[in-house]
Amino acid sequence: MQTREQRLLIIDDDEMFCHVLNRALTRRGYEVIVAHDAEQALTMAAQHAPTMATLDLKLENSSGLKLLPELLATVPQCRIVVLTGYSSIATAVEAMKLGAVNYLCKPVDADDVLIAFERQAGDPDIELADNPPSINRITWEHIQKVLQEHDGNISATARALGMHRRTLQRKLQKRPVRR
């Protein structure tokens, strides 16, 4: 019988990612539950009371940032690590403010996830970057911040940024710019 501390909920709309992470964590002795959308995640959380969860920032029809407080209201003892392929400083800060214990940029593997759960405190000895972010990276992060301010609404974000909606959609479909 698994202990409660080993119950982990994976919330991600990428079925292949869920399958791979589920298999890796199950091999490490965790009881894994998978949800692919916000409604299913809340149902699974209420039924299984996980103590750990990974939460994709960008779910198909919703935002992980909106789901985060709802999950914590359902299972307050749950430690949540936010995962995203669309990282930005703004979303990382908001995820932490909303109660996430950590924030990881995809791609990640099971070891990365488990380390993220173990790290409870900040690391004052972390190395600072020698180079400031590129202008492309700053642009990407600004777009992400404005998108978040408009609750993921592409049209409202495009208006706020003064660009065509299709141009914004093309920019959002690209991977984040490296630092």
Side-chain angles (χ1 to χ4, degrees), residues 1-38 40-59 62-131 133 137 140-141 144-145 148 175-179:
M1 180 91 189
Q2 298 293 331
T3 64
R4 228 174 112 126
E5 286 71 39
Q6 292 181 311
R7 189 170 298 141
L8 191 143
L9 173 60
I10 299 170
I11 306 163
D12 201 304
D13 54 5
D14 181 340
E15 291 186 28
M16 182 55 73
F17 174 77
C18 289
H19 174 74
V20 171
L21 189 58
N22 180 353
R23 201 166 88 196
L25 291 169
T26 300
R27 286 181 180 163
R28 288 169 174 80
Y30 290 85
E31 178 184 344
V32 179
I33 305 130
V34 177
H36 298 294
D37 60 44
Q40 188 180 31
L42 291 171
T43 301
M44 296 298 226
Q47 287 176 354
H48 299 282
T51 56
M52 297 179 286
T54 62
L55 173 60
D56 189 18
L57 183 67
K58 189 177 178 193
L59 297 169
S62 62
S63 162
L65 289 179
K66 288 186 178 184
L67 180 57
L68 184 54
E70 294 178 59
L71 276 173
L72 288 172
T74 304
V75 279
Q77 80 284 0
C78 189
R79 294 176 315 188
I80 300 172
V81 172
V82 173
L83 306 177
T84 184
Y86 302 91
S87 64
S88 74
I89 292 170
T91 55
V93 169
E94 288 306 313
M96 301 305 278
K97 284 182 182 177
L98 291 169
V101 297
N102 221 320
Y103 180 99
L104 297 176
C105 302
K106 289 180 180 177
V108 296
D109 61 24
D111 292 331
D112 296 330
V113 169
L114 294 175
I115 289 168
F117 281 116
E118 290 173 13
R119 287 199 59 219
Q120 294 294 315
D123 181 2
D125 296 324
I126 194 164
E127 282 189 40
L128 301 175
D130 290 337
N131 301 330
R137 180 64 188 199
W140 170 263
E141 290 190 7
Q144 293 298 316
K145 178 179 179 281
Q148 178 191 348
R175 301 291 273 163
V177 179
R178 295 282 174 216
R179 294 194 179 273

Participant: Rounded to the nearest 0.5 Å, what's the gap from CG on Leu71 to CD1 on Ile80? Could you check?
Facilitator: 4.5 Å
Participant: Which heavy-atom pair separates Pro50 from Ala45 by the least distance, and what is that distance?
Facilitator: CD-O, 3.6 Å
Participant: What distance separates Lys66 NZ from Leu57 CG, expressed to the nearest 0.5 Å?
Facilitator: 12.0 Å
Participant: Would you compute the distance between atom OG1 of Thr74 and atom CG of Leu42 and round it to the nearest 0.5 angstrom?
Facilitator: 5.0 Å
Participant: Any chance you could measure Leu55, atom CG, to Ile11, atom CD1, to the nearest 0.5 Å?
Facilitator: 5.0 Å
Participant: Kindly indicate whether the side chain of Val81, heavy atoms from C-beta on, has any atom under 4.5 Å from the side chain of Val101.
Facilitator: yes
Participant: For Asp111 and Arg28, run salt bridge (charged side-chain N to carboxylate O under 4.0 Å, His left out): C-alpha distance rounded to whole Å, both residues' side-chain angles, the deciding distance at 0.1 Å, then the answer.
Facilitator: CA-CA 10 Å; Asp111 292 331; Arg28 288 169 174 80; 2.9 Å; yes
Participant: Distance check, rounded to the nearest 0.5 Å: Leu114 atom CG versus Tyr30 atom OH?
Facilitator: 4.5 Å
Participant: Search all heavy atoms of Phe117 against all heavy atoms of Ala53 and return the closest pair with its distance.
Facilitator: CZ-O, 3.3 Å
Participant: Identify the heavy atoms of Leu25 and Ala110 that sit nearest to each other, and give their distance.
Facilitator: CD2-CB, 4.0 Å
Participant: Please identify which of these residues, Val75, Ile33, Leu9, Leu8, meets the side chain to side chain contact (heavy atoms under 4.5 Å, CB included) condition with His48.
Facilitator: Ile33
Participant: Could you tell me if the side chain of Lys106 sits less than 4.5 Å from the side chain of Asp56, heavy atoms only?
Facilitator: yes
Participant: Could you give the distance from CG (Leu98) to CD (Glu70), rounded to the nearest 0.5 Å?
Facilitator: 11.0 Å
Participant: How far apart are the closest heavy atoms of Leu67 and Ala41, and which atoms are they?
Facilitator: CD2-CB, 4.0 Å
Participant: If you look at every heavy atom in Ala35 and Met44, which pair is closest and at what distance?
Facilitator: CB-CG, 4.4 Å
Participant: Using the side chain to side chain contact (heavy atoms under 4.5 Å, CB included) definition, which of the options Val82, Asp12, Leu83, Asn102 pairs with Thr54?
Facilitator: Leu83
Participant: Please examine the side chains of Glu31 and Gln6, heavy atoms only from C-beta on, and report whether any two atoms are closer than 4.5 Å.
Facilitator: no
Participant: State whether the side chain of Thr91 and the backbone N or O of Ser88 hold a donor-acceptor pair below 3.5 Å, judged by distance alone.
Facilitator: yes
Participant: What's the shortest heavy-atom distance between Cys18 and Ile10, and which atoms?
Facilitator: SG-CG2, 3.9 Å
